[in-house]
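Beneath this line is the structure, given in structure tokens, with notes to follow.
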Number of protein chains: 2
Amino acid sequence: MARQTPTLEHVAKLAGVSQMTASRALNGRSGVSRETRDEVLRIASDIGYVVNRTAQKLSGGRNGIIGIITPTLDTQFSSELILGAGRAARGAGCEILVYTVFDEDRHPHHDLLGLIQQFSDGILAILPRESLCLEALSSAKVPVVVVDQRGGTLTDFPSVSVDNYGGARLAVEHLAELGHKRIAFLAGDETIEGVRDRQRGYHDTLARLGLPREDALVAAGDLSQMMAFDVTFDLLNLADPPTAIFSANDQSAFGVIAAIREAGLRVPDDISVIGFDDIPMSEQFHPALTTIRQPFQQMARSAINTLLAQIAGIGAASQRITLPAELVVRDSTGQVRTKQGGAHHQIVST
Amino acid sequence: MARQTPTLEHVAKLAGVSQMTASRALNGRSGVSRETRDEVLRIASDIGYVVNRTAQKLSGGRNGIIGIITPTLDTQFSSELILGAGRAARGAGCEILVYTVFDEDRHPHHDLLGLIQQFSDGILAILPRESLCLEALSSAKVPVVVVDQRGGTLTDFPSVSVDNYGGARLAVEHLAELGHKRIAFLAGDETIEGVRDRQRGYHDTLARLGLPREDALVAAGDLSQMMAFDVTFDLLNLADPPTAIFSANDQSAFGVIAAIREAGLRVPDDISVIGFDDIPMSEQFHPALTTIRQPFQQMARSAINTLLAQIAGIGAASQRITLPAELVVRDSTGQVRTKQGGAHHQIVST
DNA sequence: TTGAAAGCGCTAACAA
DNA sequence: TTGTTAGCGCTTTCAA
């Protein structure tokens with residue numbers, strides 16, 4: 001069809017107007033008569049005109065692209081967020097482009113920033129970890145919104161995160177209501193602010209409810225399933241083992257459950273397990289995982305809206321949005337068993 | 001520092017050369033004396049110059065960016081591939097930008113193509129499904145390489161995929177060597193070429209080995225864990241149930257194993273399970289999953305190299321690369337149990 | 001080995 | 001409501 005990519009010039013010429021008028025019509029700006037606009041639009045569509053966003057950007061305008069920076073692509077966490085951001089952005093007529101900053105990166109973060117800026121109207125930074133990126137981002141020429149890190153001391157970027165502290169409270173309260181007293185916590189990566197908040201929530205709630213707080217009940221994980229599997233045995237081998245385990249994230253919870261089974265115990269009959277995140281897998285897992293849901297969609301939407309506002313020049317300089325977490329009760333938590341209680345499931349292995 | 005983003009003009013001025021010379025030096029082209037080059041490079045680095053890739057592209061040159069199109073971000077499959085592509089690209093001095101084409105997309109694919117082209121020197125399309133994208137891509141102005149689909153009839157793009165057929169053969173042979181005769185297959189999404197190849201491999205190998213091929217031994221899945229969980233019961237409830245199940249992908253295999261357990265059986269003691277993909281989770285799963293490994297890194301590297309060659313103007317017009325799959329034996333497959341065999345694990349539930 | 005001129009496709013700013 | 005001019009930052013020609 002189009003032997004040569006159609007440009008604004010072509011559209012303008014065919015419509016018999018100036019490029020400027022065509023541009024205005026195409027971008028839905030004011031200052032164009034209805035008829036002219038319709039005509040331009042029709043022709044553009046006819047010849048399959050697609051605006052060149054590269055030129056758009058270069059000439060100092062907006063190009064309707066939002067850049068997303070993420071440290072990883074292989075965690076449900078990021079992909080859920082990106083998915084949500086994509087939906088929200090497209091809803092607002094924007095496109096998103098994703099740039100991955102690998103951890104291994106000895107990448108001059110300077111460069112990366114330059115690159116993203118050149119392409120987009122604004123940056124959505126998914127930064128669970130207090131990474132170096134923030135520093136680089138602080139000299140950004142386009143608006144930035146940070147997801148999942150309030151990044152207190154470091155920057156003044158608007159941010160969106162879930163109420164990690166409150167979510168942890170919900171988890172512990174749920175367990176307590178089921179009669180659990182010895183509640184263990186499988187900690188996660190300490191470098192992640194949100195994860196530290198969960199641990200604080202665990203501790204404080206235990207204290208408030210008058211439940212035992214012992215160092216031995218806190219196992220050190222790294223948010224990975226494998227690590228969780230390993231350290232769970234330490235918990236299980238305690239003289240007075242926990243009847244419930246609160247895992248810092250869902251992924252770890254899977255490891256916890258695997259370990260419990262490996263030890264010949266059952267979930268939730270012998271031990272209850274609750275996670276944090278509510279990734280898609282959690283619902284499919286057997287037993288379906290009770291967990292604290294992060295409202296990924298909502299977080300993403302909120303972040304995009306904030307960013308869009310910044311781009312438009314409206315919106316507070318530095319707002320911090322915290323969204324509530326939600327308890328999702330499924331099959332991995334249950335009433336605590338009394339020691340002398342009746343029948344037990346057991347595995348007879350010869 | 002930089003009160004205003006430094007441009008080539010600044011660099012050139014400071015170095016006392018023309019922009020063109022500076023450009024040549026920065027891009028490592030010939031036609032610049034060593035001294036001039038070094039000086040330009042030094043100054044550029046000093047003032048924190050970062051090339052504007054947008055301008056670079058607009059002015060008709062390459063900009064060292066590879067665009068990746070992917071239908072999903074939330075499958076290990078895509079993220080593994082993207083990860084690998086990122087590594088390979090960076091190794092070659094390129095950056096990658098990811099664009100997600102949602103399935104839900106009523107997106108004028110025309111637009112998307114335009115967008116990606118404008119930004120990049122070439123496109124890597126991860127297209128397991130025979131999507132509409134291919135059609136849109138066929139009018140691309142930049143080179144395209146397709147991963148995971150040979151897309152026979154549709155296009156002539158160079159492509160990279162794993163030997164799905166051969167992988168399936170490995171899986172069945174492995175099971176057969178362990179003494180299994182009744183081997184079931186959990187099929188996946190029929191719209192995916194690679195998945196169909198796996199099924200063919202399963203069938204043909206069964207035939208070659210003289211093993212029973214029954215329709216009842218093939219369950220219809222959709223590559224999801226949940227679906228796999230459900231349909232596995234059909235397999236288990238067969239009058240003469242299989243002693244081994246070959247699942248079209250790892251994710252499904254997890255569902256299969258969960259279902260087997262739910263039915264009170266053990267893996268691999270009672271039933272062996274083998275997957276396909278070897279996603280990271282498979283190693284961590286309990287039991288660790290025996291599976292057929294797709295060489296994601298290698299596929300990605302190969303695709304990037306092919307693409308780079310195309311961009312450079314060398315490289316065959318339409319080559320199809322098929323990489324070998326590999327059997328990874330872990331804990332989910334074992335010697336078949338003879339019916340009258342000795343002790344069994346069993347679960348006594350009251 | 002170097003430089004000057006022109007232009008990629010678009011949009012601000014200004015003018016009419 | 002419309003058009004003109006200039007220029008974004010770079011690279012391609014072509015010339016020196």
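Chain naming here is simple, since letters A, B, ... match the order of the sequence lines and numbering starts at 1 in each.
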(request) Assign B/R53 to base, sugar-phosphate, or nothing according to its heavy-atom contacts below 4.0 angstrom with the strands shown. (result) nothing
(message) Tell me which pairs pass ring-ring contact (aromatic ring centres under 6.0 Å, His included) where either residue lies in residues 9-38 of chain B, with sequence neighbours left out.
(response) none
(request) Please collect all ring-ring contact (aromatic ring centres under 6.0 Å, His included) contacts where either partner lies in residues 59-89 of chain A, sequence neighbours excluded, each pair once. (result) A/F77-A/F296
(request) Drop me the distance from A/I96's CD1 to A/L83's CG, to the nearest 0.5 angstrom. (result) 8.5 Å
(message) How long is the straight-line distance from CD of B/E80 back to OG1 of B/T75, given to the nearest 0.5 Å?
(response)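 If I round to the nearest 0.5 Å, the distance is 9.5 Å.
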(request) Check each residue of residues 28-43 of chain A for a non-hydrogen atom within less than 4.0 Å of any atom in DNA chain D, then write out the ones that pass by number, or none. (result) A/G31, A/V32, A/S33, A/T36
Short side-chain to backbone donor-acceptor contact, [X] and [Y], under 3.5 Å:
{"X": "A/Q19", "Y": "A/L8", "result": "no"}
{"X": "A/N27", "Y": "A/R29", "result": "no"}
{"X": "A/Q118", "Y": "B/R53", "result": "yes"}
{"X": "A/Q294", "Y": "A/L323", "result": "no"}
{"X": "B/T70", "Y": "B/I126", "result": "no"}
{"X": "A/S120", "Y": "A/I123", "result": "no"}
{"X": "A/T54", "Y": "B/L58", "result": "no"}

(request) Might you point out which heavy atoms bring A/G67 and A/I116 nearest each other, and give the distance in Å? (result) CA-CG2, 4.2 Å
(request) Would you grab the first and last nucleotide of DNA chain C (5' to 3') that comes under 4.0 Å of any non-hydrogen atom in chain B? (result)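 Using the under 4.0 Å cut-off, the span is C/dT1 to C/dG9.
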(message) On DNA chain C, does the nearest nucleotide to B/R24 precede the nearest nucleotide to A/M20 from the 5' side, or the other way round? Give the residue.
(response) B/R24
(message) With heavy atoms of chain A within less than 4.0 Å as the criterion, where does contact along DNA chain D begin and end?
(response)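 The protein-touched segment is D/dT1 to D/dG9.
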(message) Report for the helix from C/dT1-D/dA16 to C/dA16-D/dT1: angle between first-end and last-end helix axes, five pairs each, rounded to 10 degrees.
(response)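 The end axes of the helix from C/dT1-D/dA16 to C/dA16-D/dT1 are about 30° apart, to the nearest 10°.
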(request) Answer yes when B/D46 and B/R42 have at least one side-chain N-carboxylate O distance shorter than 4.0 Å, and no when they do not. (result)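 Result for this pair is yes, salt bridge flagged.
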